[in-house]
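This report refers to the structure that appears directly beneath it.
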Amino acid sequence: MTKFLLIVHVLAAIIAIGPVTVAASAFPAAVRRAVAEPGSEQALGAVRNLHRICRVYALVGVVVPVFGLATANSLHVLGDTWLIVSIVLTALAAAVLALLVLPGQSAVLEDLGGAFWIRPDQGAGSGACDRKAEEGADAERRRLTTTRRACVPGHASPARSERHPRGAGASARLAMATGVFNLLWATVTVLMIVRPGSTTGA
């Protein structure tokens, strides 16, 4: 049973936490591309997909500490210092992901127009989704028209000029939070492998 729990714990960590760390790390760069290419559905789609990966696999990642504690209980190491430190760091990493990374991604995605990505065939409230999509498309057309006018002498484009600094600042904050999350998980991984002071073997 101990080997089974350990296998599930390790596989869950690889399958769930791995995609979150990769997608969250790639998110700021995708945001910068979307900001640099306003109106690009491909750039915005990349941002949406990365956020979806982080959100879905973060929920799947709940399995990791559950089976981790079950494995530790089977090995009778729940009182070991290395495990207690790992639990604390895991809780901190989960807090950073839930309170900083995911909400930050949602806010940036909404600012980029990602609030209108839901298709009508994805559930109830399709009428509201249609209206939101149409409003988003109208707003995007007006913004692109303003951008084109900026190429003509005598016209200014404040919306475009304000969008770049805001996107860059949000990307920097997300990159910092994601770096903290990745560092915490890397530390937990090292502790799980080295297990300093453990009497159950390396």
Side-chain angles (χ1 to χ4, degrees), residues 12-65 68 85-118 129 132-133 135-137 139-140 142-144 146-147 150 156-192:
I14 295 173
I15 295 173
I17 306 302
V20 173
T21 56
V22 173
S25 298
F27 189 89
V31 170
R32 289 192 291 271
R33 283 194 297 270
V35 170
E37 303 173 12
S40 172
E41 281 299 320
Q42 182 177 0
L44 185 56
V47 178
R48 294 168 182 160
N49 289 335
L50 290 172
H51 176 58
R52 188 184 300 113
I53 290 172
C54 291
R55 190 177 66 247
V56 171
Y57 281 94
L59 293 176
V60 178
V62 175
V63 175
V64 177
V85 173
S86 297
I87 293 173
V88 173
L89 294 180
T90 300
L92 289 176
V96 170
L97 181 64
L99 301 179
L100 296 178
V101 177
L102 293 180
Q105 290 181 353
S106 298
V108 169
L109 186 56
E110 185 174 356
D111 184 50
L112 291 174
F116 310 110
W117 69 273
I118 301 177
C129 291
K132 287 185 176 181
E135 292 171 1
E140 184 65 19
R142 288 195 298 270
R143 188 181 60 74
L144 291 176
T146 304
T147 301
S157 180
R160 186 184 178 100
S161 64
E162 291 175 2
R163 195 179 184 89
H164 283 265
R166 182 173 181 180
S171 297
R173 289 190 296 272
L174 273 175
M176 185 181 303
T178 301
V180 172
F181 170 77
N182 291 341
L183 180 61
L184 289 170
W185 268 116
T187 305
V188 171
T189 301
V190 171
L191 287 174
M192 291 294 175

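Not measured: the values here are computed from a predicted model.
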What are the two closest heavy atoms between [X] and [Y], and how far apart are they?
X   : Y    : answer
T21 : S25  : O-OG, 2.7 Å
A16 : V20  : O-CG2, 3.3 Å
P65 : G61  : CD-O, 3.2 Å
A93 : F181 : O-CD1, 3.3 Å
V96 : V180 : CG2-CG1, 4.2 Å
V47 : A30  : CG2-O, 3.5 Å

Taking side chain as C-beta onward, heavy atoms only, is [X] less than 4.5 Å from [Y]?
X    : Y    : value
L102 : Q105 : yes
E110 : S106 : no
V101 : C54  : no
E41  : R48  : yes
W185 : I17  : yes

**Q.** With L191, the side-chain contact (heavy atoms from CB on, under 4.5 Å) member among I87, T90, L89
**A.**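 When I87, T90, L89 are each tested with L191, the side-chain contact (heavy atoms from CB on, under 4.5 Å) holds only for L89.
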Give, for atom [atom1] of [X] and atom [atom2] of [Y], the distance between the pair rounded to the nearest 0.5 Å.
X    : Y    : atom1 : atom2 : value
L174 : F27  : CG    : CZ    : 6.0 Å
T178 : L183 : OG1   : CG    : 12.5 Å
H51  : N49  : NE2   : CG    : 11.0 Å

Q) Counting only N and O atoms by type, is there a donor-acceptor contact under 3.5 Å from the side chain of D111 to the main-chain atoms of A107? A)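 Here the side-chain-to-backbone pair does not exist.
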Q: Tell me, with the steps shown, if L44 and L109 meet side-chain contact (heavy atoms from CB on, under 4.5 Å).
A: CA-CA 8 Å; L44 185 56; L109 186 56; 4.1 Å; yes
